[in-house]
Structures are given as C-alpha cells and as structure tokens.
**Student:** 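Before I ask anything, here is the structure I am working with.
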Number of protein chains: 2
Amino acid sequence: MENKASSFPKEFRSPCPIACVLDILGDKWTLLVIRDLFLNKHRYSEFIESPEGIPTNILADRLKRLEAAGLVSRQLYQSNPQRSEYFLTPMGTELKPVLSSMLQWAQRHIPDVRLPKGYQKAEIPAEA
Amino acid sequence: MENKASSFPKEFRSPCPIACVLDILGDKWTLLVIRDLFLNKHRYSEFIESPEGIPTNILADRLKRLEAAGLVSRQLYQSNPQRSEYFLTPMGTELKPVLSSMLQWAQRHIPDVRLPKGYQKAEIPAEA
DNA sequence: CCGGATCCGGTCTGATACTG
DNA sequence: CAGTATCAGACCGGATCCGG
C-alpha cells in the first residue's frame, strides 16, 4: 500500500490546505477515532465502546483510511486469530493541537460541558 | 427548520465536548464556510466562488445551521430585494485556533502545500 | 466470541433547473 | 444574485453474516 511514511494520498489534494485536511478529517467520525487514540484506546472493541456508538463498518473504514493517510499504524499483538492494535503515527500525534483547540472552544461555548475523565491525563487540552 | 437560538442547540449535546463540536463542524463543508468568513468573504456569491465549489443548497443549509448554532450572524445590507451578509459572531471568531492548527498541520505534513494569499492577512495561521 | 465484511433501507449530498 | 426544488446516486448506519 504505502511505503513512505509521510506520503499523502494525492486524490485528496485541493488548492486549499484546510480543504485538504478536511478531505481526511472532515466527517462525523474520523476525529472521534483520533480522539479515542489520544485517550489511549487502541483496540477495535475499545472504539466500539465509546459512547457515540460508531457502527462497525464505519469504524473499519475509518481505520483503513487513516492508515492509508499515514495517521495511524496497525500492529499485530496476537497471531491466531490475528488481532491488531492501532496507534497514532507521529503525523497523527501532531493533530493534538486540533483536538485541544476544539476542546477549549467547547469548554468556553457549550453550556454545561464537563471534561470527561481521561482527557486531562491524555493532555488533550494542553497546547502541544 | 429551526427557530432562532442564541444558545447552543441541545439536540447536539453529547457526553463528549469534542463530539459535540463535531456535531456542528464535523462535515465536509462547514469549516470551509468558516474559513471563507475568516478570509473576509461575507456574501453568498463569494462563498460560491471558492475553489471547492460548494453546491448552492448545501451552502444555504450550512449558513442556516451556523446561524442557528450562534456562530454566524446575518445582516441585511439591502432591502429590495432583500440581501444579507454573513459574519462570524464572537463565538464563531474564537474558532480561529481550530483553523490555525489545521493549517499548521497541513503545512507540516501535506506535501507541496502553499499558503494561498489572503491567509496571512486573515491571520489564520497565528495563534489566537 | 471478536474483528471485520456484506447487505440493504433510508438519509443526505450535490448537479442542475428553477423562482423572485 | 440569493436562494429553493428536484432527484438520482452516494453514503450512512443497523443488522446480520463469516472467518479465525
């Protein structure tokens, strides 16, 4: 599939860098998966358990896309049956400021938001 | 569709602040409209002219939703026929860090991105 | 069982035509 | 010029199926 770690799928290219980012991240679920990865979730079942209830086919698709885009890597942790865990690549990890800024905005502007436990530890709110 | 709401629509509420933000911003077009607003575009025709080519019905819908969520305000600038311009509210303006962090990530990780003119002037890359 | 793939109805998108 | 109407097709998401 991909050999160079930082190669970006060129079918995503658009004149605007923001549009380009949104071609990967601009949907309802992708950033939630990335959020979960920051919260130290790594296995399929852990993503499924998140309160938003991502459908299994959507999750599989998003993980594939994120891997293809170089934001996520897959590592086998068991061979029979094959099971893998998902991790943010350095490129994916650098999305932290995007998550943090969203979180800060939410805390300022959405009434009654509380910071779920785990977020502080994951340092999502901190500036990178 | 939606009655006016200066506060945050509660049908968007979710246990996670990030999910909550994504209920408004998590799609292909919404953040592009907000980007355009930061680039000092205010009229329907200006959004339509952006290179991504947002369809007219989607634009109308997104502007309505953003207004309902309190991120955008509409101001009449002509009465016959009625014409209005769209502006970011303070709440919308505070999304700048989200845009900036996406832009910075794109500049670091997407090959051959150039910063389109207007972005520097709009200070999107600057930290808020 | 768990990680997905497949199937399928329903919703949303988006190209275009249309209206004031 | 600023939207609305229409409609086919894409995509989402729930249920189910399948391989290890």
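Computed over heavy atoms, backbone and side chain alike; hydrogens, waters and symmetry mates excluded. Chain A is the first sequence line, chain B the second, and so forth, proteins listed ahead of strands; every chain is numbered from 1.
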**Student:** Indicate for each nucleotide in nucleotides 15-20 of chain C, in 5' to 3' sequence, whether protein heavy atoms under 4.0 Å reach the base (B), only the sugar-phosphate (S), or nothing (-).
**Tutor:** BB---B

**Student:** Table please: side-chain donor-acceptor pairs of residues 37-44 of chain A below 3.5 Å, with sequence neighbours left out.
**Tutor:**
| unit_1 | atom_1 | unit_2 | atom_2 | d |
| --- | --- | --- | --- | --- |
| A:Lys41 | NZ | A:Ser50 | OG | 2.9 |
| A:His42 | ND1 | A:Tyr86 | O | 2.8 |
| A:Arg43 | NE | A:Glu85 | OE2 | 2.8 |
| A:Arg43 | NH1 | A:Tyr77 | OH | 3.4 |
| A:Arg43 | NH2 | A:Glu85 | OE2 | 3.0 |
| A:Tyr44 | OH | A:Thr56 | O | 2.8 |

**Student:** Does the pair A:Lys28/B:Asp23 count as a salt bridge with the N-to-O cut at 4.0 Å?
**Tutor:** no

**Student:** Can you name the residues that form a side-chain contact (heavy atoms from CB on, under 4.5 Å) with A:Pro51, not counting sequence neighbours?
**Tutor:** B:Pro15

**Student:** Check the distance between C:dG14's C1' and B:Glu52's CD and give it to me in whole angstrom.
**Tutor:** 15 Å

**Student:** Quick one: B:Arg62 CZ to C:dC12 P, roughly how many Å, whole number?
**Tutor:** 10 Å

**Student:** Does the side chain of B:Arg65 get closer than 4.0 angstrom to OP1 or OP2 of C:dC12 through an N or O atom?
**Tutor:** no

**Student:** Let's see if you get this right: which residues in residues 26-42 of chain B place a heavy atom under 4.0 Å from DNA chain C?
**Tutor:** B:Lys28, B:Trp29

**Student:** Reading DNA chain D in the 5' to 3' direction, which nucleotide is the first one with an atom under 4.0 Å from a heavy atom of chain A, and which is the last?
**Tutor:** D:dC12 to D:dG20

**Student:** I want to check something: taking the side chain as every heavy atom from C-beta on, are B:Trp29 and A:Leu22 in contact at a cut-off of under 4.5 Å?
**Tutor:** no

**Student:** Indicate, with a heavy-atom threshold strictly under 4.0 Å, whether B:Phe47 touches base, sugar-phosphate, or nothing.
**Tutor:** nothing

**Student:** Does a side-chain heavy-atom distance below 4.5 Å link B:Trp105 with A:Leu95?
**Tutor:** yes

**Student:** Which whole-number value in Å describes the distance from A:Glu46 CD to C:dG3 C1'?
**Tutor:** 13 Å

**Student:** Would you please name every residue forming a side-chain contact (heavy atoms from CB on, under 4.5 Å) with A:Arg108, sequence neighbours left out?
**Tutor:** A:Gln104, B:Glu94

**Student:** When rounded to the nearest 0.5 angstrom, what is the spacing between CD1 in A:Ile34 and CG in A:Leu88?
**Tutor:** 6.5 Å

